[in-house]
Amino acid sequence: MKLIIAIVQSDKIQDVKQALRNVKVGKITVSNVVGCGAQVGKTDTSDGVITDGNLLDRVRFEVAVNDDYVKPTLEGIIEGARTGNIGDGKIFIVPLEECIRIRTGETGRLAIG
Ligand SMILES: Nc1ncnc2c1ncn2[C@@H]1O[C@H](COP(=O)(O)OP(=O)(O)OP(=O)(O)O)[C@@H](O)[C@H]1O
Ligand SMILES: [Mg+2]
């Protein structure tokens, strides 16, 4: 099991959600976050100056999946979020020790799926 965390541009929330649905991934958690990447803030397109220290609005997807869903989940996120420009976002893949469905007590792949 893996926990896939993706930080993407806020305006890509619907595209990523739809791309995940297309690969049959419907259980997701989404949060509004702020962050900065390699550019340490925003590139001002009007004069090309890179400003320091700005935390920009981003959206964070969390998707816990069984191993056979890792590849389609990654492909879906990338398809939904990628423009080819700086700031498209980043994906973190974290080993997931356990998942428990609170209602039934099911664990592991039964609880995730
Ligand atoms: N190493 C990191 N640790 C934690 N969060 C990160 C990291 N890298 C990126 N992020 C988060 O992802 C968001 C988007 O990052 P971004 O796509 O700008 O990465 P980048 O490394 O600067 O790549 P690019 O050159 O394509 O812009 C950041 O605003 C930040 O919230
Ligand atoms: Mg960046």
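As the structure lists them, so they are numbered: ligands from 1, and atoms in each ligand from 1. Note that the coordinates shown come from a computational prediction; the quantities given were computed from them, not determined experimentally. Here, residue 1 is the first one in the sequence, and each next residue gets the next number.
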How far does CZ of Arg58 sit from NZ of Lys12, to the nearest 0.5 angstrom?
12.5 Å
Provide the closest heavy-atom pair for Tyr69 versus Val23 in the form atom of the first, atom of the second, distance.
CE2-O, 3.8 Å
If we number the atoms of ligand 1 from 1 as shown, the ones under 4.0 Å from a heavy atom of Gly35 are 29 (O), 31 (O)
Going through the checks in order, is the side chain to side chain contact (heavy atoms under 4.5 Å, CB included) test met by Val59 and Asn32?
CA-CA 5 Å; Val59 166; Asn32 291 309; 3.9 Å; yes
Could you state the interatomic distance from NZ (Lys2) to CD1 (Ile112), rounded to the nearest 0.5 Å?
10.5 Å
Determine whether the side chains of Asp88 and Thr83 contain a donor N or O and an acceptor N or O closer than 3.5 Å.
yes
Check: Lys90 N/O within less than 3.5 Å of ligand 1 N/O
yes
Is at least one protein non-hydrogen atom found at under 4.0 angstrom from atom 19 (O) of ligand 1?
yes
Candidate pair Ile100 and Glu106, rule side chain to side chain contact (heavy atoms under 4.5 Å, CB included), full reasoning
CA-CA 6 Å; Ile100 302 167; Glu106 291 166 299; over 6 Å; no
I'd like to know if Arg109 pairs up with Asp68 as an ion pair, taking the criterion as any Lys NZ or Arg NE/NH1/NH2 lying under 4.0 Å from an Asp or Glu carboxylate oxygen.
yes
Looking only at heavy atoms, is any part of Val33 under 4.0 Å from ligand 1, and if so is it the side chain, the backbone, or both, or is it neither?
neither
Residue pair Ile77, Ile4: steps toward the side chain to side chain contact (heavy atoms under 4.5 Å, CB included) verdict:
CA-CA 10 Å; Ile77 292 168; Ile4 298 174; 3.8 Å; yes
If you have a sec, work out which protein heavy atom is nearest atom 30 (C) of ligand 1 and how many Å separate them, to one decimal?
Cys36 O, 3.5 Å
Tell me the closest heavy-atom pair linking Ile28 and Phe61, and the distance in Å.
CD1-CE2, 3.9 Å
Given the options Leu74, Val70, Val25, Val63 meets side chain to side chain contact (heavy atoms under 4.5 Å, CB included) only with Val25
Taking the non-hydrogen atoms of Asp88, is any one of them nearer than 4.0 angstrom to ligand 1?
yes
Near Arg58, which atoms of ligand 1 are under 4.0 Å from a heavy atom of that residue?
13 (C), 14 (C), 29 (O)
Ligand 1 to Ile86 polar contact by distance, N or O atoms, under 3.5 Å
no
Heavy atoms only, cut-off 4.0 Å: how does Ala38 contact ligand 1, side chain, backbone, both, or neither?
both
Option with minimal heavy-atom separation from atom 14 (C) of ligand 1, where the choices are Gly84, Ala81, Gly37, Gly89
Gly89
Give me the residue, atom name and distance of the protein heavy atom closest to atom 3 (N) of ligand 1.
Phe92 CZ, 3.8 Å
Which bit of Ile7 gets closer than 4.0 Å to ligand 1, counting heavy atoms only: side chain, backbone, both or neither?
side chain
Note: ligand 1 atoms sitting under 4.0 Å from heavy atoms of Gly87 are 16 (P), 17 (O), 18 (O), 24 (P), 26 (O), 27 (O)
Quick check: Val34 and ligand 1, any N/O pair under 3.5 Å apart?
no
Protein heavy-atom partner closest to atom 25 (O) of ligand 1 - residue, atom, separation in Å:
Gln39 NE2, 3.2 Å
